[in-house]
Amino acid sequence: DFKTVNDSLGHAAGDRLLTLAADRLRGVLRPTDTPARLGGDEFAVLLEDADVEAAAFVADRIIEAFREPFDVGGREVFVSTTIGIAPAAAGERNAEALVRDADAAMYTAKAQGKRGYAVFVPQMRTAAMARLEMESRLRNAVGRGEMELVYQPIVRIGDGGVVGVEALVRWRHTERGLLGPGEFISLAEQTGLIDELGEWVLRTACRDVVGLLRGDGGDPPAVMVNLSPRQLRNPALAEVVEAALRDTGLPPERLVLEITETAMAADTPGNLAALRVLRRSGVRVAVDDFGSGYSSLGQLRRLPVDMLKIDREFLAEARSTQATALLRAIVELGNGLGLTVVAEGVERKDQLALVRDVGCALGQGWLWARPMSIADVATLLGP
């Protein structure tokens with residue numbers, strides 16, 4: 001999360017954090033170990049006369065040391081560290097290969113979640129090459145017209161009327177076929193490509209929905225567009241959204257920006273400022289997958305939120321007494337705070353009966369419609 005510090009507190013604070021991190025790293029190593037900064041926020045440690053077990057012990061010590069906050073200019077800053085371990089065979093002196101293998105192990109550890117480590121195995125090299133190729137293709141996917149949007153309707157529970165659509169991105173990969181966001185969004189986030197991709201999704205969704213103007217001259221349906229944590233931290237977010245609305249002609253009140261509960265709860269300095277600016281212009285904000293993160297319900301009072309989208313897991317066991325009680329509590333809380341509540345993942349009639357029973361206003365799921373092209377949305381809406 002080093003970029004978060006740079007974006008929110010400034011590069012001087014980021015430099016200070018790197019210095020403090022280096023000091024803390026030295027503090028848990030042996031005198032014979034060699035720490036170094038490779039660049040950016042990446043460090044390496046050379047352990048001589050150590051086996052994998054010893055390296056894992058050191059990795060645990062480093063991870064534990066970084067759990068404590070850093071004091072950066074009087075402000076507590078929390079960061080995490082992810083580690084890759086590469087053992088060298090006896091007599092091996094190829095430093096470049098060793099660092100490359102440690103890097104591959106680190107990305108494996110990242111994929112498993114932050115604050116952990118992984119030990120290199122040869123299969124990781126194949127995975128690293130595949131990741132590099134995927135990244136290379138992803139860098140040009142928008143320009144080559146390989147990205148496309150599909151839309152899933154948001155409906156009123158009472159009568160099934162369509163009130164909006166959620167824009168969902170797909171990648172038509174030239175070799176692997178149609179890929180869902182779970183197969184490339186994380187890579188786009190890690191490499192910084194999410195900013196370009198996110199802006200394309202936003203502009204395309206706004207333009208598509210403007211084209212759905214109703215025959216009676218009424219407004220188009222609302223469109224929900226997902227923002228990644230990195231986009232949320234972008235200081236230019238408000239300007240990017242305002243430019244998309246201005247250039248496409250979509251009324252601000254017809255745009256809903258979806259942010260995950262975890263990203264909202266992080267609330268680092270300035271990362272929600274853009275949302276507050278946009279809400280004043282009429283743009284609405286939704287918390288996506290609510291109930292899957294770790295934020296307290298009380299935080300909803302201070303966050304710039306208009307809508308809750310309840311995580312689909314609450315509907316996975318519609319007959320569970322506990323799940324029903326939790327669902328009812330969330331809906332009642334949302335309604336009490338004046339928020340619109342959307343139930344995600346409604347796929348069966350018993351789930352529909354449940355969300356109707358607990359007083360949920362809107363729903364989304366395969367029971368009504370699967371994601372579809374904008375042309376199919378137009379047909380669904382009718383004249």
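Computed from a predicted model, the values in this text were never measured in an experiment. Atoms considered below: every heavy atom in the structure, side chains included; atoms not considered: hydrogens, waters and symmetry mates.
Placement of Tyr151 and Trp200 within a single hydrophobic cluster is found when ILVMFWY residues are connected by side-chain heavy-atom separations under 4.5 Å, directly or transitively. Ile194 and Val169 fall within the same hydrophobic cluster, defined by Ile, Leu, Val, Met, Phe, Trp and Tyr side-chain heavy atoms under 4.5 Å apart, directly or through other members. The cluster map of Ile, Leu, Val, Met, Phe, Trp and Tyr, joined by side-chain heavy atoms under 4.5 Å apart, puts Phe43 and Val72 in the same cluster. Tracing side-chain contacts under 4.5 Å through hydrophobic residues (I, L, V, M, F, W, Y), one never reaches Val277 starting from Val256; they form parts of separate clusters. Under the 4.5 Å side-chain heavy-atom criterion for ILVMFWY residues, a single connected hydrophobic cluster contains both Leu29 and Phe66.
Put simply, OG1 on Thr19 and CZ on Arg24 are 13.0 Å apart, with the number rounded to the nearest 0.5 Å. For the atom pair CG (Leu352) and CG (Leu315), the distance works out to 10.0 Å, reported to the nearest 0.5 Å. The distance from the CG atom of Asn335 to the CG atom of Leu308 is 9.0 Å, given to the nearest 0.5 Å. Atom CG of Asp306 sits about 12.0 Å away from atom CG of Leu337, to the nearest 0.5 Å.
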Steps toward salt bridge (charged side-chain N to carboxylate O under 4.0 Å, His left out) verdict (Glu183, Arg176): CA-CA 11 Å; Glu183 299 182 76; Arg176 296 176 56 188; 3.0 Å; yes

Begin from the C-alpha positions of Glu166 and Asn226 and carry the test side chain to side chain donor-acceptor pair (under 3.5 Å) through to its verdict. CA-CA 8 Å; Glu166 179 181 359; Asn226 291 277; 3.0 Å; yes

Salt bridge (charged side-chain N to carboxylate O under 4.0 Å, His left out) between Glu189 and Arg230, intermediate numbers included: CA-CA 7 Å; Glu189 181 87 8; Arg230 184 173 181 127; 6.0 Å; no

Worked check of salt bridge (charged side-chain N to carboxylate O under 4.0 Å, His left out) between Arg61 and Glu64: CA-CA 5 Å; Arg61 287 187 51 158; Glu64 191 61 33; over 6 Å; no

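The backbone N or O of Gly40 sits less than 3.5 Å from a side-chain atom of Arg37, completing a donor-acceptor pair. Of the possible donor and acceptor atoms, none in the side chain of Arg254 sits under 3.5 Å from a partner among the backbone N and O of Val223. Gln152 places a side-chain N or O within 3.5 Å of a backbone atom of Ala369 that can act as its donor or acceptor partner. Between the side chain of Asp33 and the main chain of Leu47, no donor-acceptor pair closer than 3.5 Å is present.
Of all heavy-atom pairs between Gln351 and Glu347, the closest is OE1-N, 2.7 Å. For Thr248 against Ala244, the heavy-atom pair with the smallest separation is OG1-O, 2.7 Å.
Counting heavy-atom neighbours within 6.0 Å of Asp159 CG, excluding the residue itself, gives a total above 12.
Donor-acceptor pairing under 3.5 Å is lacking for the side chains of Asn140 and Glu146.
We find that Arg207 and Asp247 are not joined by a salt bridge, their nearest charged nitrogen and carboxylate oxygen being 4.0 Å or further apart. Using a cutoff of 4.0 Å between basic side-chain nitrogens and carboxylate oxygens, Asp103 and Arg100 are not scored as salt-bridged. Note on Arg203 versus Glu199: salt bridge recorded, some NZ/NE/NH1/NH2 to OD/OE distance being below 4.0 Å.
Among Glu133, Arg139, Met134, the single residue meeting the side chain to side chain contact (heavy atoms under 4.5 Å, CB included) criterion with Arg137 is Glu133.
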